[in-house]
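We use all heavy atoms of the structure for the numbers below, so side chains are in, but hydrogens, waters and symmetry mates are not. No experiment lies behind these values; they were computed from the predicted model shown.
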Amino acid sequence: MSVPAPAFSEDQAEAHDRIAEALREAGVDLDNGLLAPPREGRSRVMSVVGKAGSGKTLLLSSLTHALREAGVELVSGDYEGRRRRDRRTLAVLAPTNKAASVLRTRGVPATTIHRILYTPVYDKDYEKIAEWLSGEGDRPEIEGLTDQALDRALAFYESHKSVPGALAAAGLRGSDFITGWKRREDPLDIGFVDEASMLDDRQMEDLREIFPTVLLFGDPAQLAPVNQSGRMVFDGMADDAKLTLHRVHRQTQDNPILDLAHALSDPAIGFQDFESMVHEIAARDDRVQVSGRVEVDLMARSPVLVWRNATRIRLIQAFRTVHQAPETELLPGEPLICDGIELPLKHRKRRLDLEARGLIKGAQVIYLGPGKKPGFSRLHVIGAEDPRVSAASIVRIEKPEEEEPFIPFAASMGASFLHGAAVTIHKAQGSQWPEVQVFAPDLFAAARMGRTEAGQPLWKRLAYVAITRAEERLHWVVRNRLSKPTHPLRTDDLKAAPAPLELEAEET
């Protein structure tokens with residue numbers, strides 16, 4: 001039996017030992033730090049499920065550290081060196097940029113599923129720098145790059161282990177060294193997937209094609225993907241492949257936000273009882289706030305979470321109105337949500353380029369201003385490792401009781417965006433913010449309708465997901481009112497990569 005970290009609870013320790021046993025069968029011995037070559041034809045999928053606060057992230061982090069200590073190579077998706085037959089690899093994945101960034105802030109080097117499915121193609125000259133940085137080649141001599149530039153690249157790589165960031169520190173743009181993206185041809189080894197409740201069957205098939213060993217971490221109390229009929233990918237797994245964390249970990253005890261989330265599992269509690277509980281907790285703990293209005297200042301970085309689409313559109317219009325945003329343009333600092341890439345099939349390479357740079361469906365983006373070309377926008381992709389992007393953009397701003405959205409400006413094709421000052425609770429899954437505003441009248445409307453999902457009242461699932469998006473403070477908004485802003489929209493609070501990398505996705 002492996003000896004887990006002292007901070008583990010009993011169910012975490014049991015899950016850790018079961019996973020260590022499965023990895024041992026796959027040729028990775030965590031107890032003795034021994035690695036055997038990958039075994040052909042063996043595949044295994046396991047899951048760790050538990051509600052918020054049960055310690056899934058702590059377990060994921062501990063296992064990742066143990067695998068790296070044993071000599072397993074971490075694959076990040078930004079560059080892969082020469083492949084060896086005997087190498088063992090690990091990738092820590094999340095469905096969205098924001099979910100991956102939440103893991104990175106907790107010390108887990110995560111990337112998105114998309115960045116693992118598609119790998120960058122490097123210019124041959126600049127690939128020599130990548131090989132040198134990763135210890136697979138000698139220090140190169142590159143025309144146009146000084147020794148000082150290479151020294152900057154090396155210093156950055158030693159601190160951050162990011163090849164694109166290191167090349168940016170040398171003074172290069174992404175379009176200089178990444179010439180395109182291709183679908184991964186060679187499989188990897190072990191895949192850890194966080195926020196697995198967001199996965200659909202197609203994504204799961206993609207993962208199983210790449211990873212013989214897949215470990216899913218998910219919360220069964222969240223909302224299933226819209227196209228899954230209330231079912232999550234781990235629901236049908238055999239009992240011996242599903243590890244359940246029942247206990248709320250002691251590090252998360254005395255957390256009023258989690259207390260509220262877990263109270264929703266009581267079948268006897270109704271909406272009014274629950275709202276009374278919110279008021280009671282708010283009276284004694286400022287981490288929970290009951291508000292008679294939506295705070296507009298928070299909306300620029302943390303969207304209001306709603307159930308109904310009509311509510312979302314009204315709040316967005318109110319946000320733009322109080323900021324005196326003109327209909328014909330966006331203001332720098334306005335939040336956007338990527339709604340997909342609108343390009344014909346013949347431009348598949350361009351689509352991959354945009355998506356690999358963070359503009360995947362659901363990505364949260366801050367508008368920085370117009371680009372150098374008509375129809376282009378300068379954007380900051382929240383949670384992306386290299387957040388600054390310039391891309392051809394189509395922005396749609398919906399209006400109440402109007403079927404067609406207003407388009408302040410648009411390229412002929414490119415990345416499509418909706419406004420992000422308010423989002424549906426479904427779209428918020430996988431994301432967390434320091435402070436979250438939950439629009440309670442929408443949850444009350446769901447409660448009155450009496451709808452259920454997977455045997456649970458829908459309003460409770462919505463409330464659970466919305467509440468657990470808050471890291472530090474929950475705002476329970478009880479009235480349909482909006483405050484006035486205390487300051488104009490801004491962009492100076494956005495932190496770029498340590499060496500800013502401006503990526504430009506050209507329109508074709």
Side-chain angles (χ1 to χ4, degrees), residues 52 98 221-223 226 256-257 260-261 263-264 269-282 286-323 334-337 362 364 397-401 418-451 453 456-485:
K98 191 67 168 65
Q222 292 199 36
L223 296 158
V226 212
I257 298 170
L260 286 170
L264 290 161
I269 195 169
F271 180 84
Q272 291 179 334
D273 301 323
F274 181 74
E275 192 161 63
S276 296
M277 185 181 296
V278 175
H279 281 264
E280 289 170 11
I281 291 178
D286 67 358
R287 287 175 287 180
V288 175
Q289 304 274 330
V290 175
S291 178
R293 62 186 184 181
V294 175
E295 293 297 328
V296 72
D297 288 338
L298 288 177
M299 294 171 74
R301 297 293 178 267
S302 173
V304 183
L305 304 187
V306 305
W307 173 48
R308 295 177 291 192
N309 205 40
T311 307
R312 178 182 68 85
I313 294 170
R314 285 199 304 271
L315 286 170
I316 288 169
Q317 282 302 312
F319 173 86
R320 300 201 80 231
T321 298
V322 296
H323 277 295
E334 287 198 67
L336 302 173
I337 301 288
Q364 300 163 48
I397 299 178
E398 299 143 298
K399 291 191 172 184
E401 300 176 1
L418 301 174
H419 206 278
V423 301
T424 61
I425 294 169
H426 264 101
K427 279 192 180 292
Q429 287 198 130
S431 298
Q432 283 191 303
W433 297 271
E435 299 190 51
V436 165
Q437 300 184 87
V438 178
F439 196 72
D442 261 20
L443 299 181
F444 178 60
R448 283 193 307 172
M449 291 179 68
R451 287 176 54 182
E453 184 178 290
Q456 176 90 341
L458 177 61
W459 79 265
K460 287 189 174 183
R461 282 188 173 267
L462 292 166
Y464 178 87
V465 172
I467 286 169
T468 53
R469 299 312 92 202
E471 295 175 324
E472 299 168 9
R473 180 170 284 115
L474 168 69
H475 299 260
W476 186 262
V477 181
V478 296
R479 288 189 178 86
N480 189 12
R481 295 177 182 172
L482 195 73
S483 70
K484 292 183 179 180

- Item | Distance-minimising heavy-atom pair for Val478 and Pro441 | O-CG, 3.7 Å
- Is there a donor-acceptor pair closer than 3.5 Å between any side-chain N or O of Ser483 and the backbone N or O of Val296? yes
- How close do Asp442 and Trp307 get, heavy atom to heavy atom, and via which atoms? OD2-N, 2.8 Å
- Is there a side-chain contact between Val304 and Gln437 (heavy atoms, below 4.5 Å)? yes
- Mark yes or no for whether Gln317, through its side chain, and Glu398, through its backbone, hold a donor-acceptor pair below 3.5 Å. yes
- Evaluation steps, side-chain contact (heavy atoms from CB on, under 4.5 Å), between Ile337 and Gln364: CA-CA 5 Å; Ile337 301 288; Gln364 300 163 48; 3.7 Å; yes
- For His323, what residues pass the ring-ring contact (aromatic ring centres under 6.0 Å, His included) criterion, not counting sequence neighbours? Phe319
- Would you mind reporting whether Met277 and Ile269 have side-chain heavy atoms less than 4.5 Å apart? yes
- Write down the atom of Gly420, the atom of Val423, and the distance for their closest heavy-atom approach. O-CG1, 4.3 Å
- Task: State, to 0.1 Å, how close Leu482 and Met299 come at their nearest heavy-atom pair, and which atoms those are.
- Result: CD1-SD, 3.6 Å
- Is there side-chain contact between Leu462 and Leu305, with heavy atoms separated by less than 4.5 Å? no
- Message: Looking at Val465, is its backbone amide N or carbonyl O close enough to the side chain of Arg469 to form a donor-acceptor pair, meaning the two atoms are under 3.5 Å apart?
- Response: yes
- Query: Is there side-chain contact between Leu260 and Phe274, with at least one heavy-atom pair below 4.5 Å?
  - Reply: yes
- Message: Looking at every non-hydrogen atom in both residues, tell me the closest pair between Pro256 and Ile281 and how far apart they are.
- Response: CB-CG2, 3.5 Å
- Item | Flag side-chain contact, heavy atom, 4.5 Å: Pro335 against His419 | yes
- For the pair Glu435 (side chain) and Ser302 (backbone), establish whether a donor and an acceptor sit closer than 3.5 Å, ignoring hydrogens and angles. no
- What heavy-atom pair brings Gly270 and Trp459 nearest, and what distance separates the two atoms? C-CZ2, 3.6 Å
- Parallel under 30°, tilted from 30 to 60°, perpendicular over 60°: which one fits the rings of Phe444 and Phe271? tilted
- Around atom CZ of Arg308, are there more than 12 heavy atoms of other residues, nucleotides or ligands at under 6.0 Å? yes
- Message: Quick check against the 3.5 Å criterion: does Glu472 have a side-chain atom that pairs as donor or acceptor with the backbone of Arg287?
- Response: no
- Are the side chain of Gln456 and the backbone N or O of Ala221 linked by a donor-acceptor pair below 3.5 Å? no
- Message: Are the side chains of Ile425 and Leu443 in contact, using a 4.5 Å heavy-atom criterion?
- Response: yes
- Between the side chain of Arg473 and the main-chain N/O of Asp286, is any donor-acceptor distance below 3.5 Å? yes
